[in-house]
Amino acid sequence: MSATRVFPMCVRASRGLLRLRSGVVGTSTPALVDTVRALSTEKPPGGQVGATGGLAQAILQERLQQQSQGQPAPESGKAEGDGEQAGGDKKQKENTAYAKKIVFRLAGLMGLGGAVSVIYLFGTNSVDEQGNQIPDEFDKDLPVVQQLKRTFKYFQDYRQMIIEPTSPKLLPDPLKEPYYQPPYTLVLELTDVLLHPEWSLATGWRFKKRPGIDYMFQQLAPLYEIIIFTAETGMTAYPLIDSIDPQGFVLYRLFRDATRYMEGHHVKDVSCLNRDSSKVIVVDCKREAFSLQPFNGMALKKWDGSSDDRTLYDLANFLKAIALSGVDDVRSVLENYAMEDDPIDAFKRRQAQLAQEEEQRLSELSRPKKQVVSLGSIASRFWRSKQQ
């Protein structure tokens, strides 16, 4: 084979390979078939096929076979994969946006339906035992306005019930003769003052009784009107009070609904007790509990459940001393302990100091008196002797 024959065949083979790499193979199958046929039908003169033409034909047939078997060329397959991935991401974003839109619409419809239901339920007139509607001050307004105003008033009253005490007079009037009314009123918190809550996996919640409760009740019952005023609910506290006071020293019981809710704390308003504030002492472990009347309260340390605790014994002695002294206004006494971290410990220190001072005074009185000669007495004696 001469060089003039081989050269055109090499040119045609190289052109076919360039067209193959530039994307001809990545097109449709008929186009690839036509390319193969065109290259295969071109023969050199004389009926002899060159080696390069056979190589190009073999490569084209191999790529045709790969495409027929679903194996695209590497470059064209990558481009198609990127396009499909981009289209899939776009479709996924569209589906997500559509789902969010549907969810928001459903939530809006449910919220609107709930609001209409609430207005309908709480905005209608109250009924009596016979089922007749009870007229109110909103009957003259338009029906929709009536519903809205009644609903607003209902929730306002409910909020007021939570924040404010249930009554401006939480206790009945003091007893009159011939019944005995103790001269002072003692208000005690239940949790962490008289009882300590404990929880375990085996028993659940249990309340431990503080040492000295019985002694304190017995010592103070004749002098104080004992009231348990707790921030616990009545369902929880009522059986607990029964368990620690079987003899009935506690005259009245007040619960969470009787407190005034302020700044996240349940405050015990002494002015709502229907008692003389100058004779009321509040004992709690939180100063916020008597923040409205700070000089009417004593803030004890929170009991940790220790069985060696003696605080209630000392508290009984302190309160007994106040009552037996006939103090006209307990606030003048409690004011001296208002800034103490432990008022009972401060009371014990002051009692020991007073006892020491009294002992020293008695010892001084028992000493024999010494005759003291003053300058004035000497001068008077000298004057009298001179005149004589």
Side-chain angles (χ1 to χ4, degrees), residues 160-176 180-194 216-217 220-234 237-238 241 245 249-302 311-312 315-316 318-344 346-347:
Q160 194 74 10
M161 181 183 68
I162 295 176
I163 295 176
E164 300 294 330
T166 52
S167 173
K169 290 185 178 182
L170 298 175
L171 299 178
D173 294 335
L175 299 176
K176 298 180 180 180
Y180 175 71
Q181 174 68 32
Y184 299 94
T185 300
L186 176 61
V187 180
L188 297 171
E189 171 59 44
L190 187 65
T191 306
D192 294 324
V193 174
L194 302 180
M216 183 180 67
F217 285 167
L220 300 181
L223 304 172
Y224 288 87
E225 182 183 28
I226 300 176
I227 300 169
I228 289 185
F229 193 174
T230 178
E232 301 290 341
T233 61
Y238 210 96
I241 298 173
D245 183 35
F249 290 115
V250 178
L251 299 181
Y252 300 104
R253 308 174 181 188
L254 298 174
F255 308 105
R256 180 180 297 177
D257 57 346
T259 61
R260 189 183 299 276
Y261 192 74
M262 299 174 58
E263 299 179 355
H265 301 284
H266 294 279
V267 181
K268 301 166 185 177
D269 192 353
V270 174
S271 63
C272 296
L273 292 178
N274 195 24
R275 295 292 185 270
D276 185 5
S277 299
S278 63
K279 300 292 190 297
V280 177
I281 299 177
V282 180
V283 178
D284 205 299
C285 58
K286 300 177 181 178
R287 296 185 184 274
E288 295 83 4
F290 48 86
S291 58
L292 292 176
Q293 297 87 14
F295 296 142
N296 277 103
M298 293 179 60
L300 302 182
K301 285 188 175 181
K302 184 182 294 186
T311 302
L312 293 186
L315 176 64
F318 174 67
L319 298 176
K320 189 175 180 180
I322 292 177
L324 294 178
S325 300
V327 178
D328 294 332
D329 193 340
V330 297
R331 292 171 292 192
S332 61
V333 178
L334 299 179
E335 184 178 0
N336 299 322
Y337 299 91
M339 302 306 297
E340 298 286 346
D341 294 334
D342 190 349
I344 299 301
F347 168 72

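Predicted model, so just to flag it, every value in this text is computed and none were measured.
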(request) For side-chain contact (heavy atoms from CB on, under 4.5 Å), just list the numbers for Ile241 and Leu194, CA-CA rounded to whole Å, side-chain angles, deciding distance to a tenth of an Å, and then say yes or no. (result) CA-CA 10 Å; Ile241 298 173; Leu194 302 180; over 6 Å; no

(message) Measuring from atom CG of Leu188 to atom CG of Leu315, what distance do you get when rounded to the nearest 0.5 angstrom?
(response) 7.5 Å

(message) Quick one: does any side-chain atom of Arg287 pair with a main-chain N or O of Pro294 as donor and acceptor, under 3.5 Å?
(response) no

(request) For atom NZ of Lys279, decide whether the heavy atoms of other residues, nucleotides or ligands shown that lie under 6.0 angstrom number more than 12. (result) yes

(request) For the pair Tyr252 (side chain) and Pro172 (backbone), establish whether a donor and an acceptor sit closer than 3.5 Å, ignoring hydrogens and angles. (result) no

(request) Assign the ring pair Tyr238 / Phe255 to parallel, tilted or perpendicular, where the plane angle (0 to 90°) is split at 30° and 60°. (result) tilted

(message) Tell me whether Gln293 contacts the main-chain N or O of Val270 through its side chain, where contact means a donor paired with an acceptor under 3.5 Å.
(response) yes

(request) Test Glu232 against Thr191 for side chain to side chain donor-acceptor pair (under 3.5 Å), laying out the working first. (result) CA-CA 8 Å; Glu232 301 290 341; Thr191 306; 3.0 Å; yes

(message) Rounded at 0.5 Å granularity, tell me how far CG in Leu223 sits from CG in Leu319.
(response) 9.5 Å

(request) Just jot down the salt bridge (charged side-chain N to carboxylate O under 4.0 Å, His left out) partners of Asp269, sequence neighbours excluded, or say none. (result) Arg260

(request) Could you tell me whether the side chain of Leu292 reaches within less than 4.5 Å of the side chain of Ser271, counting heavy atoms only? (result) no

(request) Answer yes or no: is there an ion pair linking Lys286 with Glu189, defined by an N-O contact shorter than 4.0 Å? (result) no

(request) Apply side-chain contact (heavy atoms from CB on, under 4.5 Å) to Asp342 and Thr311, showing your working. (result) CA-CA 10 Å; Asp342 190 349; Thr311 302; 5.8 Å; no

(message) Once rounded to the nearest 0.5 Å, what's the spacing between atom CD1 of Ile228 and atom CG of Leu186?
(response) 9.5 Å

(message) Please give me the minimum heavy-atom distance between Pro222 and Pro183, naming the atom from each residue.
(response) O-CD, 4.5 Å

(request) Could you tell me which non-hydrogen atom of Lys320 sits nearest to which non-hydrogen atom of Leu220, and how far apart they are? (result) N-CD2, 3.9 Å

(message) The test is side-chain contact (heavy atoms from CB on, under 4.5 Å); show your working for Met216 and Ile226 and say whether it passes.
(response) CA-CA 10 Å; Met216 183 180 67; Ile226 300 176; over 6 Å; no

(request) Measure the CG-CZ distance between Leu171 and Arg253 for me, rounded to the nearest 0.5 Å. (result) 13.5 Å

(message) Just to verify, which of His265, Lys268, His266 counts as forming a side-chain contact (heavy atoms from CB on, under 4.5 Å) with Glu288?
(response) His265

(request) Compare every heavy atom of Ala258 with every heavy atom of Phe229, then report the nearest pair and how far apart it is. (result) CZ-O, 3.5 Å

(request) Return yes if some donor-acceptor pair links the side-chain N/O of Ser167 with the main-chain N/O of Lys169 below 3.5 Å, else return no. (result) yes

(message) Ignoring hydrogens, what is the shortest heavy-atom contact between Gly326 and Tyr184? Give both atom names and the distance.
(response) C-OH, 3.4 Å

(message) Would you say that Leu273 contacts Leu254 through its side chain, given a criterion of any heavy-atom pair below 4.5 Å between the two side chains?
(response) yes

(message) Looking at Asp245 and Val250, would you say the former's side chain and the latter's main chain have a donor-acceptor pair under 3.5 Å?
(response) yes

(message) If you compare all heavy atoms of Leu251 against all heavy atoms of Glu225, which two are closest, and at what distance to 0.1 Å?
(response) CD1-CG, 3.6 Å

(request) Mind listing the closest non-hydrogen atom pair of Val280 and Asp276 along with its distance? (result) CG2-O, 3.2 Å

(request) Report yes or no: does Tyr224 contribute a side-chain atom to a donor-acceptor pair with the main-chain N or O of Ile281 at less than 3.5 Å? (result) no

(message) Looking at Val282, is its backbone amide N or carbonyl O close enough to the side chain of Asn296 to form a donor-acceptor pair, meaning the two atoms are under 3.5 Å apart?
(response) no

